[in-house]
Structures are given as C-alpha cells and as structure tokens.
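A short write-up of the structure that comes next.
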Amino acid sequence: MISIILGLIFIAFTVFSVLPMGPLAWGPDVISFLKGCLPVFAAFVGLICLFIGAADIKDKKESEKEEAESKKEE
C-alpha cells in the first residue's frame with residue numbers, strides 16, 4: 001500500500017515539475033536529459049539482448065545434448 005502511495009506521489013511530482021506553466025517548468029531540461037541518456041540506454045539494452053541471446057543459444061545446445069543422451073540410453 002505504501003509503495004502505491006509513493007508511486008502516485010512521485011508521478012504527481014513529475015507531472016507538476018514538467019508542466020510548462022508550473023513554477024518549476026523543468027520540461028526542456030528533462031527533454032535534454034532524455035536526449036543525452038537515450039544512446040547510452042540503447043547501448044546497455046543492446047548488450048543485455050546480446051547476452052540473453054547467447055545464453056539462449058547455449059541452453060538450446062545443452063538441451064539437445066541431453067535429449068540425445070536420454071534417447072541413446074533408452
């Protein structure tokens with residue numbers, strides 16, 4: 001319950017701080033931050049996808065070996 005309340009408070013603060021008519025008006029700063037972060041975030045996501053793909057291929061090869069061994073034993 002506390003996490004839902006905190007989540008709503010943080011979302012409300014984010015909307016309040018990004019509004020162009022608000023007293024903070026951080027909208028352009030947030031956009032600049034997102035533009036700067038996006039290439040780095042994309043690189044990290046790409047690396048994670050490569051690692052997941054490599055692990056998936058490795059798992060498939062291991063399962064094929066196990067199936068071949070179980071058929072051989074029978």
### Task
Sort out for me which residue in Ile31, Val30, Leu24 forms a side-chain contact (heavy atoms from CB on, under 4.5 Å) with Val18.
Val30

### Message
Quick check on side-chain contact (heavy atoms from CB on, under 4.5 Å): which of Lys58, Lys65, Lys60 does Glu62 satisfy it with?
### Response
Lys58

### Task
Report yes or no: do Phe16 and Leu34 belong to one cluster of Ile/Leu/Val/Met/Phe/Trp/Tyr joined by side chain heavy-atom distances under 4.5 Å?
yes

As an exercise, state the distance from [atom1] of [X] to [atom2] of [Y], rounded to the nearest 0.5 Å.
X	Y	atom1	atom2	value
Asp56	Cys49	CG	SG	12.0 Å
Asp59	Glu64	CG	CD	11.5 Å
Phe44	Cys37	CZ	SG	10.5 Å
Leu6	Ile11	CG	CD1	11.0 Å
Trp26	Thr14	CH2	OG1	9.5 Å

### Query
Of the non-hydrogen atoms in Ala25 and Pro20, which two are nearest, and what is the gap between them?
CB-O, 3.9 Å

### Message
Minimum heavy-atom separation for Pro39 and Gly36, please, with both atom names.
### Response
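Nearest pair, atom of Pro39 first, then Gly36: CD-O, 3.6 Å.
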
